[in-house]
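See below for the structure under consideration.
Just so it is clear: chains get the letters A, B, ... in the order the sequence lines come, proteins before strands, and each one is counted from 1. The structure presented is a predicted model; accordingly, all values stated were derived computationally and were not measured. FYI, side chains are in, hydrogens and waters are out, and symmetry mates aren't considered; it's all heavy atoms of this structure.
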Amino acid sequence: MSPGGALDAGAPNAAPAPRIAVLDYGMGNIRSAEKALLRLGARAEITSDLERARRADGLVLPGDGAFPKAVAGIRALGLDRVLADRVDEGVPVLGICIGMQVLFDGSEELGGAEGLGVLAGRVRALKAPGLKLPHIGWAPVEWRRPSPLCAGLGPSTTLFHVHSFAPHPADPGDVVGVAEHGHPFCSAVERGPVWGVQFHPEKSSAEGLALLGNFVARCAAGAGAGSPGAEGGTTRRQPSAA
Amino acid sequence: MALTRVIPCLDVKDGRVVKGTRFVGLRDAGDPVELAARYEAEGGDEIVFLDITASSDKRETIVDLARRTADEVFVPFTIGGGVRSVRDAQAVLDAGADKVSINSAAVARPDLLEEVAGVLGAQAVVLGIDAHRTVEGYEVFVDGGRTPTGRDAVAWAREGVERGAGEILLTSMDRDGTEDGYELELTRLVSEAVGVPVIASGGAGRPDHLVEAVEQGHADAVLCASIFHYGQYSVGEAKARMREAGIAVR
């Protein structure tokens, strides 16, 4: 089975099935992400092992749950260091739901907590006067700019969301997809090798799998390349005093 | 606004689907996972499994079902029947399910809703209510509709949400299996009483019934069994009718 679409048609040879580490940092519902990646032909495995995370061709941070606990879980395992190093190397990283939120500088959830700072910006509560929260269900995500993340998906894709918070990227250029619940919110980001989605592609049927397939293809392309830093090495943001 | 969901429901006993289905060409027509995958392919927005196996310890059965489903099905799914503790719920979610539906066990011990929501989040907790029309209103029944509880369905829905339920799966026992349409008054009363999504269940016989449940019952989602199992309509046909009526669906 070929992973995903023809995204990386420029790759020098048919890419081998990439090894994707689905990071287990103590949050809920991570098995479905692993199963979806396996379905797409990736060699996916759930792990919290640092060495495996260092060797993988791509990293996925899945999960449901609260922001402070998620960040604490990642730090306690030492995965924050590995993640930063791998991003520096240009290795593809996909954060899903809380796994995307933790990549930002911080969140106001449960009184506020600092995040991993891989992406600039903060996570804030959805403003949805008169509407039900958490926002649970299928919502159209409008793709605001071309990105390998949404390659082949058309102008808008309906995807499954479960959340009360959403990121506000400091750089509007990071925003790829926008959905709406009372007000528009950022539902997908991409900055170099770092991809993040507020929805659950692993629970979004064929369209969600197509998007995950784009990620698998990206990992496969990197797996074939000798120097992983070639493409994304300069994209990680520098620590700033702001 | 989230789109209105159409949710096929499968009754499962000892790991097998108990009701017949219209599908032809299945490798195994009684396999709940294969049927769920077919419903996903037709456009089902979620899947609900209700395990009606009669045994004292059902955790292994429902965890196995959740695990096998997560291997093949990539829309959210809920497992009901047999969740009696936080450990049960945690095991089902760890296996790949998104939610548990709790019915009799919550009536027996309402604190269970708080406990499960506290550990797994309100979004993972569905309160299942089986309601039967009485002279005064609607009464909650448990044990598969065999035992009256004296509880008022609307008051119980409200209490369940206060205790942490993130969704109500509301079944009219009077309509279940009749294909005469949903109990719209019950659906509307509960929908207006709670701030969480209400899934209407029991009575769907044709796509217009789904439209009524949303327009008149104010349901956020519609659960269907026989309308899909026995062949009159596919999920896609039901959704096409809803779309015609101006209801936003996936």
Side-chain angles (χ1 to χ4, degrees), chain A residues 24 26-40 44 46 62-66 69 97-98 109 126 128 130-141 156-164 179-183 199-213, chain B residues 1-7 36-37 39-47 63 66-78 89-99 117-126 161 166-167 191 194-199 220-221 235 239 248-250:
Chain A
D24 179 3
M27 304 310 281
N29 212 350
I30 66 176
R31 191 168 177 276
S32 301
E34 180 205 18
K35 292 299 161 188
L37 292 163
L38 289 170
R39 165 66 63 96
L40 291 160
I46 293 174
D64 290 334
K69 184 181 173 224
C97 194
I98 193 69
E109 185 173 2
L126 291 174
L131 295 181
K132 293 171 179 181
L133 284 176
H135 172 223
I136 302 179
W138 296 85
V141 176
S156 164
T157 307
T158 300
L159 298 152
F160 187 76
H161 293 72
V162 182
H163 63 126
S164 298
E180 197 173 316
H181 186 64
H183 293 285
F199 48 83
H200 285 273
E202 77 282 14
K203 292 288 181 180
S204 295
S205 199
E207 292 79 7
L209 293 187
L211 187 144
L212 275 180
Chain B
M1 274 295 279
L3 303 174
T4 300
R5 292 164 286 157
V6 176
I7 307 176
Y39 283 131
E40 178 194 338
E42 281 194 352
D45 296 307
E46 297 184 19
I47 307 290
V63 167
R67 195 180 295 121
R68 290 190 296 120
T69 304
D71 288 350
E72 304 288 337
V73 173
F74 298 101
V75 290
F77 66 95
T78 302
Q90 178 95 56
V92 168
L93 260 62
D94 283 349
D98 297 86
K99 314 176 209 179
V119 175
L120 298 167
Q123 85 291 336
V125 182
V126 181
V161 170
E167 205 161 50
S191 289
V194 299
V196 303
V198 172
I199 307 167
D220 298 276
V235 179
K239 283 185 154 184
V249 294
R250 179 168 68 100

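- With chain B as the partner, the residue from Ala36(A), Pro134(A), Ala33(A), Ala66(A) showing the most heavy-atom pairs under 4.5 Å is Ala36(A).
- Between the side chain of Asp24(A) and the main chain of Gly26(A), a donor-acceptor pair closer than 3.5 Å is present.
- Between chain A and the residues Glu46(B), Arg67(B), Gln90(B), Glu167(B), the largest count of heavy-atom pairs under 4.5 Å involves Arg67(B).
- Only the backbone of Ala95(B) has a heavy atom closer than 4.5 Å to any heavy atom of chain A.
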N/O donor-acceptor pairs under 3.5 Å from side chains in residues 69-77 of chain B, not counting sequence neighbours:
unit_1	atom_1	unit_2	atom_2	d
Thr69(B)	OG1	Leu65(B)	O	2.7
Asp71(B)	OD1	Arg31(A)	NH2	3.1
Glu72(B)	OE1	Arg39(A)	NH2	2.9

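- Taking Ser205(A) as the reference, Glu40(B) meet the side chain to side chain donor-acceptor pair (under 3.5 Å) condition, with sequence neighbours excluded.
- With a 4.5 angstrom heavy-atom cutoff, Ala97(B) touches chain A only via backbone atoms.
- Side-chain atoms of Asp45(B) come within 3.5 Å of backbone N or O of Val6(B) as a donor-acceptor pair.
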